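These numbers come from a predicted model, not from an experiment.
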Amino acid sequence: LGDGPVILTVGNVTERKGQHRVVEALPAIIDRVPRAKYVVLGQPTEADALMGQARKLGVADRVLLLGQAEAADVVDAYAAADVFAMTSTATI
């Protein structure tokens with residue numbers, strides 16, 4: 001996943017899964033941890049919207065949407081991550 005601290009979320013990229021919340025917080029995170037990046041593994045259902053938000057906030061270069069991964073690659077991603085963000089939210 002490269003150099004620098006990694007925040008990882010695993011799950012379908014959707015509003016319910018809440019990855020947008022990490023992207024929303026990413027500018028403040030980068031202020032404190034300048035080399036931090038956000039890595040997302042999972043079906044990229046709403047990837048365009050998430051990357052649009054990242055571009056709007058000026059952090060698109062710190063967001064990596066890697067799509068679906070094999071189980072072994074997911075295990076490796078967990079091992080490489082510094083923080084796991086479980087971001088699921090209610091959309092009622």
Side-chain angles (χ1 to χ4, degrees):
L1 300 176
D3 294 334
V6 172
I7 304 162
L8 174 68
T9 297
V10 176
N12 188 7
V13 179
T14 63
E15 182 180 351
R16 187 179 77 75
K17 289 297 186 178
Q19 293 95 341
H20 65 282
R21 292 181 184 245
V22 177
V23 171
E24 183 178 295
L26 205 50
I29 293 168
I30 291 168
D31 281 346
R32 293 180 184 227
V33 186
R35 294 175 51 226
K37 69 185 96 174
Y38 182 40
V39 176
V40 179
L41 293 177
Q43 185 173 347
T45 303
E46 297 175 12
D48 290 343
L50 189 66
M51 288 309 295
Q53 177 190 21
R55 280 189 295 280
K56 183 176 177 181
L57 294 172
V59 296
D61 63 328
R62 302 304 185 86
V63 177
L64 301 171
L65 301 180
L66 301 180
Q68 291 182 293
E70 298 294 325
D73 293 330
V74 174
V75 170
D76 289 344
Y78 280 123
D82 297 284
V83 174
F84 174 71
M86 181 177 270
T87 55
S88 294
T89 62
T91 57
I92 298 173

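- The two atoms that bring Ala77 and Leu41 nearest to each other are CB-CD1, 3.5 Å, heavy atoms only.
- Nearest heavy-atom pair across Lys37 and Leu64 is CD-CD1, 4.0 Å.
- Here the closest non-hydrogen pair linking Val40 and Gly11 is CG1-O, 4.3 Å.
- In this structure, Ala81 and Leu8 approach most closely via the heavy-atom pair CB-CB, 3.6 Å.
- Grouping the Ile, Leu, Val, Met, Phe, Trp and Tyr side chains by contacts below 4.5 angstrom, directly or via other members, places Val83 apart from Val10.
- Note on Met51: it does not cluster hydrophobically with Val6, by side-chain heavy-atom contacts below 4.5 Å among ILVMFWY residues.
- The closest donor-acceptor contact from the side chain of Gln19 to the backbone of Thr9 lies at 3.5 Å or more, if one exists at all.
- Hydrophobic cluster membership is shared by Val74 and Leu66, with clusters built from Ile, Leu, Val, Met, Phe, Trp and Tyr side chains linked at under 4.5 angstrom.
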**Item:** Audit row: Leu26, Val63, side-chain contact (heavy atoms from CB on, under 4.5 Å) steps and yes/no
**Value:** CA-CA 9 Å; Leu26 205 50; Val63 177; 3.7 Å; yes
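- Taken together through direct or relayed side-chain contacts under 4.5 Å among Ile, Leu, Val, Met, Phe, Trp and Tyr, Ile29 and Leu65 form part of one hydrophobic cluster.
- Nearest heavy atom pair, residue Pro5 against residue Val33, reads CG-CG1, 3.5 Å.
- Residue Asp48 places its CG atom among 12 or fewer non-hydrogen atoms of other residues, nucleotides or ligands, all under 6.0 Å distant.
- Atom CG of Asp31 is surrounded by more than 12 heavy atoms from other residues, nucleotides or ligands within 6.0 Å.
- Scanning both residues, Ala36 and Ile30, for their nearest heavy atoms gives O-CG1, 4.2 Å.
- At least one donor-acceptor pair under 3.5 Å links the side chain of Arg62 to the backbone N or O of Pro34.
- With hydrophobic clusters built from ILVMFWY side chains whose heavy atoms lie under 4.5 angstrom apart, Met86 shares a cluster with Val39.
- The distance from atom CG of Leu50 to atom NE2 of His20, rounded to the nearest 0.5 Å, is 9.0 Å.
- Asp82 pairs by the side chain to side chain donor-acceptor pair (under 3.5 Å) definition with nothing, not counting sequence neighbours.
- Taken from CZ in Arg16 to CD in Glu46, the straight-line distance is 11.0 Å, to the nearest 0.5 Å.
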